[in-house]
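One structure is given below, encoded as structure tokens.
We count ligands from 1, going down the list as the structure has it; atoms in each ligand are counted the same way.
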Amino acid sequence: MREDSRLVCAGRHPERFQGAVNTPVVRGSTLVSPNMAHWLDRKQRQGVDEFGVSTYGRFGTATHHALQEAIIEIGGGYRAQLYPSGLAAISSVLTALVSAGDHILLTDSGYHWTSEFINNTLGRFGVQVTRYDPRLGANIAEFIQPNTKVVFVESPGSETFEIQDIPAIAAAAHAQGAYVVMDNTWGTPLYFKAFEHGVDVSVQAATKYIVGHSDAMLGIASCNEQTWGAVSKTSQSLGQTCSPDDAFLALRGLRTMGVRLRQHWVSGLQIAQWLEARPEVEKVLHPALPSHPGHALWKRDFLGACGLFAIALKPVPEHALHAFIDNLEMFGLGVSWGGYESLALPFVPAGRTSTQWPYAGPGVRIHIGLEDTADLIADLERGFSAMAKSMRTASVEDTPVQASA
Ligand SMILES: *Cc1c(COP(=O)(O)O)cnc(C)c1O
């Protein structure tokens, strides 16, 4: 079956639900058995990790199991665990794989809260971390210590968009007995086949493109066989679960993710190209542009691009940057991404130790949604005009927005 067909069919069993096309929301904490034999059989099958067997709501109902089945069929791996958010997936997986005295290598481009969790929580339990330049590739070997248990990758980083050489990093990590955990939210299970490139655990903030409609929080960790035991046991001990309503929304989102992502890709690239020609823009950071330093790696390993990228503006006073953002009518100002709507968010990368934001001006992260791109371009033109007008009325006290702000 090809991918678009798989997206439609994966994890669906209408015959079990009176013919309902979508697996219904099955709510349940207590899941009763008709007799002792049934109960003991269920407990035994759950004990040997049989798929889709549950004795309690915390271990999932048919809705959760349908999503777990679908995600493995689409993105690969052995089994998947669900979480109430993408960050809960990341923190639980890391807790599962490291112990006191162990060491984590974390890409400097990683999601901010991943680094917060490692420093502030795992740090209290004696876990060490070293941040590394995401562009290292096979040279990551020089940073791997005897106690390195996890090499955490995120490609591309969701602010600065460096593409990592995941197969080279995975080869080096595995040679030293370390696992590779990937935040694959940008690539999604469709555009980056994590397990084919040596990843051991692939995490999705399903909040983004899988749910796809900005209306639910959800995390998924897909594991290979070597990591599943630890990840599932630790996640169960931590009491990780998610609402069946949110699992249902993720399943619904999955069915249209192929067509949605194709449009995010085409529209995003069109806007990125338009921005590349704008005089206000210093650099467009989009891996699918030939001008991107990671373009060759993106072409080699990825099957597409989502709608998220960034621009570095030329230096501007703060009020001009605010005028740009405040005069955008179609772009929402907010975090998260992956919904059907466009967003624009100024940022300055924070907390980095091995890479630097090399531009004099601030970054603006852009998510291109499913609106007509002509309307989005007109909106950006409106923002740039307001920015220019604001610059003309600038006073000498204006402080430029520094990259170190
Ligand atoms: C949003 C995001 C997360 C966290 O997901 P939540 O569901 O918001 O907890 C993790 N990684 C990346 C790259 C993200 O964009």
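Here the protein heavy atom with the shortest distance to atom 7 (O) of ligand 1 is Thr207 OG1, 2.6 Å. Counting protein heavy atoms only, atom 6 (P) of ligand 1 is closest to Gly86 N, 3.3 Å. Atom 9 (O) of ligand 1 has Leu87 N, 2.8 Å as its closest protein atom, hydrogens excluded (heavy atom only).
Considering backbone and side-chain atoms alike, Ala88 places every N or O at 3.5 Å or more from each N or O of ligand 1. For Lys208, a nitrogen or oxygen atom sits less than 3.5 Å from a nitrogen or oxygen atom of ligand 1, counting backbone and side chain alike. Polar contact check, Glu154 against ligand 1: no nitrogen or oxygen pair lies under 3.5 Å apart.
Trp298 places a side-chain N or O within donor-acceptor distance of the main-chain N or O of Gly304, the cut-off being under 3.5 Å. Not one N or O on the side chain of Asp375 forms a donor-acceptor pair closer than 3.5 Å with the backbone of Ala378. The backbone N or O of Tyr340 lies less than 3.5 Å from no partner atom in the side chain of His213, so there is not a single donor-acceptor pair. Formation of a donor-acceptor pair under 3.5 Å by the Thr23 side chain with backbone atoms of Thr63 is not found in this model. Using modelled atom types, no side-chain atom of Trp274 and backbone atom of Arg278 make a donor-acceptor pair closer than 3.5 Å. Judged purely by atom type and a 3.5 angstrom limit, His64 uses its side chain to pair as donor or acceptor with the backbone of Cys242.
Applying the 4.0 Å criterion to heavy atoms of Ser85 picks out, from ligand 1, the atoms 7 (O), 9 (O). Near Met217, meaning under 4.0 Å from one of its heavy atoms, ligand 1 places the atoms 6 (P), 7 (O), 8 (O). For ligand 1 and Trp337, the ligand atoms under 4.0 Å from any heavy atom of the residue are 15 (O). Close contacts between ligand 1 and Ala205 involve ligand atoms 2 (C), 3 (C), 4 (C), 5 (O) [criterion: under 4.0 Å to a heavy atom].
Ligand 1 is never approached by Trp113 to a heavy-atom distance shorter than 4.0 Å.
Aromatic ring orientation, His367 versus Tyr209: tilted (interplanar angle from 30° to 60°).
Exactly one of Pro156, Pro293, Pro134 qualifies for a side-chain contact (heavy atoms from CB on, under 4.5 Å) with Phe161. That residue is Pro156.
Counting only non-hydrogen atoms, the option in Ile90, Asn184, Val335, Asp183 that gets closest to atom 13 (C) of ligand 1 is Asp183.
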